[in-house]
There are 2 protein chains.
Amino acid sequence: MKTSKQSILRLFQYRDFLIRLKNINTVNVFSDNLAKDIGTTSIQVRKDFSLFRLSGNKKAGYKVSNLLKQLDELLGKNKKQKVVIVGAGNIGKALMQYDGFYKEGLEIAALFDYDRRKYNHKNNPPVLPIEDLFKFVSSNNVKIGIIAVPCKAAQQVLDLMISAGIKGAMNFAPIPLKSPKNFYINNINLRVELESVVYYTQM
Amino acid sequence: MKTSKQSILRLFQYRDFLIRLKNINTVNVFSDNLAKDIGTTSIQVRKDFSLFRLSGNKKAGYKVSNLLKQLDELLGKNKKQKVVIVGAGNIGKALMQYDGFYKEGLEIAALFDYDRRKYNHKNNPPVLPIEDLFKFVSSNNVKIGIIAVPCKAAQQVLDLMISAGIKGAMNFAPIPLKSPKNFYINNINLRVELESVVYYTQM
DNA sequence: ATACTTTTGTGATTTTTTTCACATAAAAAA
DNA sequence: TTTTTTATGTGAAAAAAATCACAAAAGTAT
């Protein structure tokens, strides 16, 4: 099958919209509606679906619940995934408190920090000492990590995650990290993102 | 000139690395070093430079300070840019406290919120009532905004920003927003980013 | 029942982005 | 000095992604 990174990202966005539609009891949706919502064209939407063998009904569009079910299957959204966050600063806390994750099968299982003043074993999720990460990750079979620590600690945190058995991470430290080929890392550099807004605004 | 969105984003990343190199007094850099750092190839780096007429020295690579100067010019990093954040929650505060912006000519001029308990006129940057946004933006000539409010308020905030004269925004609300063609909006959907990590980890 | 309209689905085409291949220059070595 | 080695720079080629063009199906109108 000929897939692409771009279309997979869009599938997640379509799914997001479909969930919103389902919540307001919308039954049918057209490729054009999906396109408008995520800011692309209906041709792109249908092409994406075509690549993944997702089909609708001529003239009648797509059934929201049906399409959603197929996307869930395709994107592996039927299994719950545990996630750990390292760094209980503002970004870590923002992600911890974001209740949208849980609905999407993403469970923030725990936060970890170097600063003992931030420990909170009774919170849900708990904030634990970084020393506990290795044990927690292996005994809870966690595969996903989020790095929300300052630059200088980021590589060290990633190495620890890898050694503990984590397979993919989202990194907020604005510095590229080294990881093995079979490890997937998604670098989110908010400064660069903001800088690019400035750039395009000046165009 | 044949440019591309992708290469512009990379130029910002190269620049990031060059700043780090300059800070440790590195004088020369090779395309291969730049490539390794941002996770691409040296061919890509040279191609990017070629597109923007950035040149180095055969066999001796590039002069860090010289390249940085050229990138600053190219990316419009010589002018200071004021930025306002709407939403003084965790994400808003995380961005406010991130001191990396200031060094990059990005000044968080003020935060705005609907919740009066969050107001703090004496803080730097101040946290002001949303009602003050229009006046603040127009009198301070702010062109960039950051939307860090819940979904339901996001479109309203964007409309307000647009009416006040803001030209580009970074949006953290996980819902696509409508804006005119001449407005640049960078949607950051952290949930989708995390979901894609999970997806690629399962591959 | 037939024509018309709307929407999906996809091969073909175009555009964009990345990679290749190699000419060219400069430094280092012989 | 001449050769070799190591980088850059870029047109050409390949790959990836987006768009086009149009067939096909299904609903609506006549």
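Here is the naming used below: chain letters follow the sequence lines, and residue numbers restart at 1 for every chain. Computation of the quantities below employed the complete heavy-atom set of this structure, encompassing side-chain atoms and omitting hydrogens, waters and symmetry-equivalent molecules.
In this structure, B/Tyr62 reaches the sugar-phosphate backbone alone: every heavy-atom distance under 4.0 Å involves primed, P, OP1 or OP2 atoms, never a base. Among the protein residues, A/Thr40 comes within range of no part of the nucleic acid, since none of its heavy atoms lies under 4.0 Å from any strand. Nucleic acid contact for A/Ser55: sugar-phosphate only, since backbone atoms but no base atoms lie under 4.0 Å from a heavy atom of the residue.
Salt-bridge formation is detected for the pair B/Arg15/B/Asp72: a Lys NZ or Arg NE/NH1/NH2 atom is positioned less than 4.0 Å from an Asp or Glu carboxylate oxygen.
Atom-to-atom distance recorded for A/Thr26:OG1 and A/Asn33:CG is 9.0 Å, nearest 0.5 angstrom.
Judged by distance alone, the side chains of A/Asn186 and B/Tyr200 never bring a donor and an acceptor atom under 3.5 Å apart.
If you measure from atom NZ of B/Lys63 to atom C1' of C/dA27, you get 13 Å, rounded to the nearest angstrom. Between B/Phe30 atom CZ and D/dT8 atom C1' the separation is 11 Å, expressed in whole Å. Put simply, CG on A/Asn66 is 14 Å from P on C/dT8, counting in whole angstrom units. Atom CD in B/Gln44 sits about 15 Å away from atom P in D/dG9, given to the nearest Å. When rounded to the nearest whole Å, the span between CZ of B/Phe49 and P of D/dT8 equals 9 Å. Rounded to whole Å, the distance from CZ on B/Phe52 to C1' on C/dT17 is 13 Å. Between A/Asp48 atom CG and D/dT19 atom C1' there is a gap of 12 Å when expressed in whole angstrom units. One interatomic measurement links the two molecules: NZ of A/Lys5 to P of D/dA15, which rounds to 18 Å at whole-angstrom precision.
Mapping B/Gly56 and A/Ile43 onto DNA chain D by nearest heavy atom places B/Gly56 at the nucleotide closer to the 5' end. Of the two residues contacting DNA chain C, namely A/Lys47 and B/Asn57, the nearest-nucleotide position lying further toward the 5' end is that of A/Lys47.
A donor and an acceptor atom never sit less than 3.5 Å apart when one is taken from the side chain of A/Lys58 and the other from the base of C/dT6.
Out of C/dT5, C/dT18, D/dT19, the shortest distance to the side chain of A/Lys59 is found at C/dT5.
Between B/Arg10 and C/dT17, a side-chain N or O to OP1/OP2 separation shorter than 4.0 Å is absent. Between B/Arg46 and the phosphate of D/dT8, there is a side-chain N or O to OP1/OP2 separation shorter than 4.0 Å. Side-chain N/O atoms of A/Ser4 include none lying less than 4.0 angstrom from OP1 or OP2 on D/dA16.
Stacking of A/Lys118 on the aromatic ring of A/Phe112 is not recorded, the 6.0 Å distance cut-off and the 45° axial limit not both being met. With a 6.0 Å cutoff to the six-membered ring centre and a 45° limit on the axis angle, B/Lys80 counts as a cation-pi contact of B/Tyr102.
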